[in-house]
Amino acid sequence: MTIIEKPADWPRSEAEALAVQNALRDRVVLGEVGPPPGTGLVTGVDVAYDDDRDLVAAAAVVLDAATLTVVEEATAIGRVAFPYIPGLLAFREIPAVLAALGRLESGPGLVVCDGYGQAHPRRFGLASHLGVLTDLPVIGVAKNPFTFRYEQPGQERGAASSLLAEDEEVGRALRTQPGVKPVFVSVGHRVGLGQACAQVLHLAPRFRLPETTRHADALCRRALKEAVAG
DNA sequence: GCGACAG
DNA sequence: ATCTTGTCGC
């Protein structure tokens, strides 16, 4: 376990956070294809909250991409760094996520986070922000379409449709299991959208959500409970 | 002004 | 995200 240090210059208001997003958004790299599915390491990150106690717990779980088995886990505990404001989720989650990632001995490889990257009002969601700060390949997988439009993808596993902001494809609704609600994939940093969807499909052979987020979700909840108990 | 709104 | 029991099903 490690204690989260919120950066001293972390925004303290909505206006400051918006300014940070505008300052960092053009550092996102969108021209790379990214790592192919089934090779190297893939790391899931997630965060759980206890707002009453002002506590946050983050987890990073590294999987072998070929076998989807866990090779390393790390957690971090700290104070909530920012309120939840739609469009500013990154400021709430990133200090905790960076602390957990920093505890890993493995290089994380591809990072999979909850939420969005390009599918964001200013094209700079959590996955993009985390990518810019770490320069790692990062993708975002969300359970809800946020404010974006999409056509229902086909019922078969692997079917996908565009997530649209006006005319721009900012992500994809991807069916990871037949007849089950799709997940919403978008690019964060140094990964193409097609490759991001291929990665997510590979990471979700049995359940709707990728194994990375399932493991990370379970671990950060466990870490939060232990922090409250102890 | 009011509702919608990733986690 | 979180509040929350049992219950149906593989």
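Between Asn144(A) and dG7(B) there is a side-chain N or O to OP1 or OP2 distance below 4.0 Å. At dA6(B), none of the side-chain N or O atoms of Lys143(A) fall inside 4.0 Å of OP1 or OP2 (strictly under the cut-off).
Side-chain atoms of Leu133(A) and Ile94(A), non-hydrogen and from C-beta on, do get closer than 4.5 Å to each other.
The Leu224(A) side chain lies nearest to dT2(C) when the options are dT2(C), dA6(B), dG7(B). Distances were taken from every side-chain heavy atom of Arg221(A) (C-beta onward) to each of dA1(C), dC5(B), dA6(B); the shortest belongs to dA1(C). Relative to the side chain of His120(A), the nucleotides dG7(B), dA6(B), dT2(C) differ in distance, and dA6(B) lies closest.
What separates CD of Glu14(A) from C1' of dC5(B) is a distance of 12 Å, to the nearest Å. In this structure, CG of Leu88(A) is placed 13 Å from P of dA6(B), rounded to the nearest angstrom. To the nearest angstrom, P of dT2(C) lies 12 Å from CG of Leu89(A). Between the CZ atom of Phe91(A) and the P atom of dC5(B) there is a distance of 22 Å, rounded to whole Å. To the nearest angstrom, P of dA6(B) lies 13 Å from CG of Asp114(A). In this structure, the CZ atom of Phe148(A) is 9 Å from the C1' atom of dA6(B), given to the nearest Å.
Applying the 5.5 angstrom centroid cut-off and the 30 degree plane-angle cut-off, the aromatic ring of Tyr84(A) is stacked upon the base of dG7(B).
Judged purely by atom type and a 3.5 angstrom limit, His215(A) has no side-chain atom pairing as donor or acceptor with the backbone of Val70(A).
No engagement by Ala119(A) is indicated, since no non-hydrogen atom pair under 4.0 Å with the nucleic acid exists.
Heavy-atom nearest nucleotides on DNA chain C were determined for Asp51(A) and for Arg206(A), and the one closer to the 5' end corresponds to Asp51(A).
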CA sep, side-chain torsions, deciding dist, call: Gln21(A), Phe91(A), side-chain contact (heavy atoms from CB on, under 4.5 Å): CA-CA 10 Å; Gln21(A) 290 186 332; Phe91(A) 296 96; 3.7 Å; yes
Could you walk me through whether Phe82(A) and Trp10(A) satisfy the ring pair (Phe, Tyr, Trp, His ring centres under 6.0 Å) test, starting with their C-alpha distance in whole Å, then the side-chain angles of each, then the deciding distance to 0.1 Å, before giving a yes or no? CA-CA 9 Å; Phe82(A) 205 80; Trp10(A) 210 243; 7.8 Å; no
